[in-house]
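Computed from a predicted structure; not experimentally measured. Labels below follow one simple rule: chain letters A, B, ... track the order of the sequence lines, proteins then strands, and each chain is numbered from 1.
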There are 2 protein chains.
Amino acid sequence: MSRRIEPDLELAASLFAALAAATRRGRGIVRDSYGAGEQAAHDIVRSAASSRGLEIRVDALGNLFMTLPGRKRDAPRIIMGSHLDSVPQGGNYDGAAGVVAGVCALTAMRAAGIVPDCDLAVMAIRAEESAWFDIAYLGSAGAFGLLDPQCLSIGRSDNGQSLEATLQQCGFDPCPIRERRPLMDPAHIRAYLELHIEQGPTLVARGLPAAVVSGIRGCKRFRNARCLGEYAHSGAVGRAYRHDAVAATVAFLHHMDGIWRQHEEAGEDLVLTSGELYTDAAMHGPSKIAGETRFVLDIRGLADGIMEAVAAEARAAAARLSGEYRVRIDLGATSDSPAAVMDRRLRSRLLELLETPFEMASGAGHDAAVFAKTGVPSAMIFVRNENGSHNPDEAMSLEDFGVGTRALLRLLLDFPF
Amino acid sequence: MSRRIEPDLELAASLFAALAAATRRGRGIVRDSYGAGEQAAHDIVRSAASSRGLEIRVDALGNLFMTLPGRKRDAPRIIMGSHLDSVPQGGNYDGAAGVVAGVCALTAMRAAGIVPDCDLAVMAIRAEESAWFDIAYLGSAGAFGLLDPQCLSIGRSDNGQSLEATLQQCGFDPCPIRERRPLMDPAHIRAYLELHIEQGPTLVARGLPAAVVSGIRGCKRFRNARCLGEYAHSGAVGRAYRHDAVAATVAFLHHMDGIWRQHEEAGEDLVLTSGELYTDAAMHGPSKIAGETRFVLDIRGLADGIMEAVAAEARAAAARLSGEYRVRIDLGATSDSPAAVMDRRLRSRLLELLETPFEMASGAGHDAAVFAKTGVPSAMIFVRNENGSHNPDEAMSLEDFGVGTRALLRLLLDFPF
């Protein structure tokens, strides 16, 4: 196949502009899952794809497929895409970039008259952001029949309407979720490819336009950890008689920071974070020893075994420091999402397609993790983005988007490599 | 003088019972400063002292003096006492024990027909607890003309009424505060003696009924410390790019715990506490790196120089760790109250009067610190107390109270030793 074909970046620019214009609310972007904002984004992308000759289909859960038909229509297809919803007051690129990239790649192939080996479909996935329904990967996990039917009763965070009622109101069908009925067969998907803005600062810091994602970090999170001590007068109680919840918590978290350093020095992929930590505002005081803290310990990495080992070390340290500080550090249960390693063959081919090959882990979750979990060979391209994501200041240049989209298009043209 | 005289513990028991009956509100004791609860306590004690022949006088700020006249009425007098107010929902003994002890000692001397060398006065001090007017040692500092006149506009924490209006409503006179006019001359006070329940667990743990106080710890407090970092995604940002306010704060506070250990090992009197520590509930999240913490660092000890050194170490560590963690740890200013060392002669005489001599620092502040600050030779006796103070569960046995009060009485009988 020809290497001269280029993604249509003018189309990309007009789509990003139309998306921002339709879904900006004040400073930020609001594409509420199964709401007016998300639907507006679907309408814009669908119209552009349809007018450029891609086949349109919407599944029972509202996921939108825009397909360039292949020679063998019943052969396993290649899906690319991402989500079109956003967090409240989010940015214009988180999610949308992957859908726009797919559309720009397929419309370029269509315009060049290329008929691929198998169907190539852009999937605009519904409701990836858990900010609205507190479910991770609602659209993609629902399409694979992986959701717990109880999720249908979850209310939307802003208006309280249940997922079931919301789906029905949009004209979609909650039955597949209730019956755990898959709408797609992983065996019939040859690959899943997702372009996404990087949500951290790595590519900006390294001066690189794009990267290949090695894997999506899993998460093992002590969501409701606490330390129980005893309130007492800060001046009147010596160390030997203290049950100081802050001192014990600080010792614990600093110890875990050291554990993280050890794993880093061993070259393992890992990040540890305590993003919530607080004494009880109703009980604490400047001249009191704290009797209680609550905190989160968030463990993420590419290897489930390493995360297990860190959680075990956390439990051991909690027990040891509880004794040392005469408190009870109760970490509670973890909520777990396993790591998803991206397909080795797709990764190495994508790396060859980048001018400066660079591979990095994704710390945030993505729909690609759901596809990988079902056994679909999956890959992701990260595009440089300033100011992080999930905020109005997301900033991706069209040039960098072009670098990532070009790699996506080349990979499609190379199939089967 | 005779050693046969014993403090009247039956009177003590009846006074404690009357105080509890008159000022219990629900589970706890409420003797609100310059309010109905404190006044009820003053009335009970005054009536008992008056009916047993002690002279009664009330100063312009409402401090109550109950005096056993001495042979030389114009010679410097000995004052003993404590405060009669309590924190909201406090216990029956914090403060009151010292006033009752003085009354029981003087009424016993009076009953035995003893005429001391100089006047011996029990001072029931007003408004020691800053819970009501947010002023430390209001009654005693006011009596020495040490208060900032601006304090007259401070509102009471429960009803908002200014100190000035409250004093006037009680029939007292705000003028001495406005004019910084002392009501007592330190040069005319031979000694100040204060019995108080221990507010920590040391005497319970050591199985001792009473102790002599070596000094009252000063306090150097970073009340409004904070650490400013940057909020970011917990999974997507590696250590090198983080500005993690929790990680830096935890490293700082754990370092300061180590500094405390070093001073302890050197035998220095010191306690360090961070009793308030919190991320911003409006901004933090389980999958976010924290961009801000706020915390308190409370440094207490008997030597102002050591507290200075620890505060300097805190500032140095804050600067160093701010660089290491790419955050800004801003400790802010300290609020300081200097340490008050108790009089060496009085302490050694009191130690001789205890069956098991034991000396310890007071971590909490007491009116004795004000007397010591003016140059009056001051001493304190701690009485064993369970469950800490400032709560409804304060528990002091009459036996232990008797041990402390007997030492007080013996000291009075020994004067001049």
Counting heavy-atom pairs closer than 4.5 Å to chain B, which one of [options] comes out on top?
{"options": "Met360(A), Glu264(A), His284(A)", "result": "His284(A)"}
{"options": "Gly291(A), Ala281(A), Gly285(A)", "result": "Gly285(A)"}
{"options": "Ala247(A), Ala361(A), Ser274(A)", "result": "Ser274(A)"}
{"options": "Gly301(A), Gly200(A), Pro201(A)", "result": "Pro201(A)"}

Are the side chains of [X] and [Y] in touch, meaning some heavy atoms are under 4.5 Å apart?
{"X": "Pro286(A)", "Y": "Asp298(B)", "result": "no"}
{"X": "His390(A)", "Y": "Lys288(B)", "result": "no"}
{"X": "Asp257(B)", "Y": "Arg239(A)", "result": "yes"}
{"X": "Arg242(A)", "Y": "Thr273(B)", "result": "yes"}

> Does a sphere of radius 6.0 Å around CZ in Arg326(A) hold more than 12 heavy atoms from other residues, nucleotides or ligands, not counting ones at 6.0 Å or beyond?
Replying inline: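 Enclosed: over 12 neighbouring heavy atoms sit under 6.0 Å from CZ of Arg326(A).
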>> Taking atom CZ as the centre, does Arg206(B) end up with more than 12 heavy-atom neighbours from other residues, nucleotides or ligands that are less than 6.0 angstrom away?
In response: no
> Which pair of non-hydrogen atoms, one from Ala290(A) and one from Gly275(B), has the smallest distance, and what is that distance?
Replying inline: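 The pair with the smallest heavy-atom distance is CB-O, 3.7 Å.
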>> Looking at every heavy atom in both Val237(B) and Val271(A), which two are closest together, and how far apart are they?
In response: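 Closest approach of Val237(B) to Val271(A), heavy atoms only: O-CG1, 3.9 Å.
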Please state whether the side chain, the backbone, both or neither of [X] comes within less than 4.5 Å of a heavy atom of chain B.
{"X": "Glu230(A)", "answer": "neither"}
{"X": "Arg261(A)", "answer": "both"}
{"X": "Ser287(A)", "answer": "both"}
{"X": "Leu272(A)", "answer": "backbone"}
{"X": "Ala364(A)", "answer": "both"}

> Out of Leu277(B), Val246(B), Asp244(B), Leu297(B), which one racks up the most heavy-atom pairs below 4.5 Å with chain A?
Replying inline: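 The option with the most such pairs is Leu277(B).
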>> If you count heavy-atom pairs within less than 4.5 Å of chain A, which of Gln199(B), Arg223(B), Arg217(B) leads?
In response: Arg223(B)
> Nearest 0.5 Å, what's the OG-CZ distance between Ser234(A) and Arg300(B)?
Replying inline: 3.5 Å
>> Can a donor-acceptor pair be found, under 3.5 Å and without considering hydrogens, that links the side chain of Thr279(A) to the backbone of Glu276(B)?
In response: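 Between the backbone of Glu276(B) and the side chain of Thr279(A) there is no qualifying donor-acceptor contact (under 3.5 Å).
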>> Consider side-chain contact (heavy atoms from CB on, under 4.5 Å). Of His254(B), Met256(B), His255(B), which one does Val250(A) pass it with?
In response: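 Exactly one option meets the side-chain contact (heavy atoms from CB on, under 4.5 Å) with Val250(A), and it is His254(B).
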